[in-house]
Amino acid sequence: MPRAFEFFHQMRKKGLKPNVVTYSTLIDAFCKEGMMQQGIKFLVDMKRLGLLPNEYTYTSLIDANCKAGNLTEALKLANEMLQANIDLNIITYTAIIDGLCEAGRIAEADDIFRAILKAGLTPNVQIYTTLAHGYMKVKKMECALNLLQEMKEKSISPDLLFHGTVIWGLCNWDKVEETKFVISEMKESGLSLNPVIYTTIMDSYFKTGKTTEALNLLEEMWDLGIEVTVVTFCVLIDGLCKTGLVLEAINYFNRMPEFNLQPNVTVYTILIDGLCKNNFIEAAKSMFDEMLSKNLVPDKTAYTALIDGNLKHGNFKEALNLRNRMIEMAVELDLPAYTSLVSGFCRCGQLQQAREFLDEMISKHILPDEILCIGILRKYYELGHVVEAIELQNEMAKRGLITSPVHHVFPSVQT
DNA sequence: GTAGGGTTAG
């Protein structure tokens, strides 16, 4: 981006006058780099030079605003276009419809879509995909599937992205069986699933308890020559661990090289977490060491998985060591990390240490959720530290960390 | 010579 910026300045130095296209290109580039303010500066700049923004300039800005969640600003720009007598075209409308859908305003998105059809605009597969995505996001699966029918009537061919959107939506709402119909439609049109779609479906099979079907997908991918990725194995190993099939998970982990894949930190973390949660804490530790020996650098999630596991097994000293390692290695602690530490040290009866972590997280503005707050309060009561509990509870209430009244949280304690 | 669509991992 600074490069485009340099070109622009060189142009100006040479006395070359940038035109609308130059400005539009620059504005679009800044917007896509997340530097919308810069983009708007250029808009002001070009207007000052007497250059009028065109449909491209406006569409770039509208799309960027929609994607940044500034729907109001996007709609303002759209109005500005109308006032400047620039017609909104299908690309501009696609951006606006997407923005409305992202904001959960699907009804308005549909209204606009219907209105532009009525006004004679010819729809295309892109705008249908945007709308289908919007419907899927709010679980209106029938509406999305109706679009498929509507497209057929208009002789618009749904493509890979459209089908992928519908499949993603169905999986997201646990309707994985219903993807079969979409898949057969795709096959009829000569479209094949890509690795991402396969992995999405596999994940959904695991999450709906259909382990056999999920595992069969790996075979299918392999047989069809669809690229099996590290993410596929993440889904596979996570699914097996969460189903309690830890040995199977380890087995697949060990088979990754057969697929020319090397495990990364994420796969290790998934396996470590799965081992911990299935009471294989020693195996989890070995995996962590193995990861280190391969010069993989554990991140906060990896550390947290093992810290959490250790604390659930009473190894609070080990957990503390790991936390110190994080500090040494400049790995930042986040909300899940602190949540594991506070709840884990509570569980181990190390109330004072738990309290230190609680204070530490609050001082860093990483705020505990209500469940964590109530958890630590309970421990104070349980251990008979009633006065401290009440003090802490009042403090939490003052900070807005807990909303439940005292007697609702601890009915058995007289205050 | 510029602008638009979906998605997978802890």
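The structure presented is a predicted model; accordingly, all values stated were derived computationally and were not measured. Below, chain A is the first sequence line, B the second, and so on; all start at residue 1.
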Please work out which residues in [range] have a non-hydrogen atom less than 4.0 Å from an atom of DNA chain B and list them by number.
range	result
residues 170-184 of chain A	none
residues 81-93 of chain A	A/N89, A/I90, A/I91
residues 58-70 of chain A	A/T59, A/S60, A/D63, A/K67

Short N-O contact, [X] and [Y], less than 4.0 angstrom:
X	Y	value
A/K210	A/E213	no
A/E258	A/R255	yes
A/D45	A/K41	no
A/E150	A/R114	yes
A/K364	A/E332	no

Listed nucleotide nearest any side-chain atom of [X], set [options]:
X	options	answer
A/D159	B/dT8, B/dG6, B/dG5	B/dG5
A/T130	B/dT2, B/dG5, B/dA9	B/dG5
A/T266	B/dA3, B/dG10, B/dT8	B/dG10
A/D238	B/dG10, B/dG5, B/dT8	B/dG10
A/T129	B/dG6, B/dT2, B/dG10	B/dG6
A/D273	B/dG10, B/dG5, B/dG6	B/dG10
A/F162	B/dG5, B/dG10, B/dA3	B/dG5

(request) To the nearest 0.5 Å, tell me how far A/R355 CZ sits from A/C346 SG. (result) 10.5 Å

(request) Figure out the OH/C1' separation between A/Y128 and B/dG6, and round it to whole Å. (result) 17 Å

(request) Give a yes or no on whether a donor-acceptor pair under 3.5 Å exists between the nucleobase atoms of B/dG5, that is its base, and the side chain of A/N124. (result) no

(message) For A/F233 and A/Y252, take the angle between the two ring planes, folded into 0 to 90°, and tell me which bin it lands in: parallel under 30, tilted 30 to 60, perpendicular over 60.
(response) tilted

(request) State which residues pass side chain to side chain contact (heavy atoms under 4.5 Å, CB included) with A/D174; sequence neighbours excluded, sorted by chain then number. (result) A/T208

(message) salt bridge (charged side-chain N to carboxylate O under 4.0 Å, His left out) for A/D289 and A/K285? Distances and angles first, verdict last.
(response) CA-CA 6 Å; A/D289 292 338; A/K285 285 183 201 172; over 6 Å; no

Which pairs would a plain distance check flag for residues 52-61 of chain A, meaning a side-chain donor or acceptor within less than 3.5 Å of a matching protein atom at least two apart in sequence or in another chain?
unit_1: A/N54; atom_1: OD1; unit_2: A/Y56; atom_2: N; d: 3.0
unit_1: A/N54; atom_1: OD1; unit_2: A/T57; atom_2: N; d: 3.0
unit_1: A/N54; atom_1: OD1; unit_2: A/T57; atom_2: OG1; d: 2.8
unit_1: A/E55; atom_1: OE1; unit_2: A/N89; atom_2: ND2; d: 3.0
unit_1: A/T57; atom_1: OG1; unit_2: A/S24; atom_2: OG; d: 2.9
unit_1: A/T57; atom_1: OG1; unit_2: A/N54; atom_2: N; d: 2.9
unit_1: A/T57; atom_1: OG1; unit_2: A/N54; atom_2: O; d: 3.4
unit_1: A/Y58; atom_1: OH; unit_2: A/E80; atom_2: OE2; d: 2.9
unit_1: A/T59; atom_1: OG1; unit_2: A/E55; atom_2: O; d: 2.5
unit_1: A/T59; atom_1: OG1; unit_2: A/T92; atom_2: OG1; d: 3.0
unit_1: A/S60; atom_1: OG; unit_2: A/D28; atom_2: OD1; d: 2.8
unit_1: A/S60; atom_1: OG; unit_2: A/Y56; atom_2: O; d: 3.3

(message) A/T25: which residues meet the side chain to side chain donor-acceptor pair (under 3.5 Å) condition with it, sequence neighbours left out?
(response) none

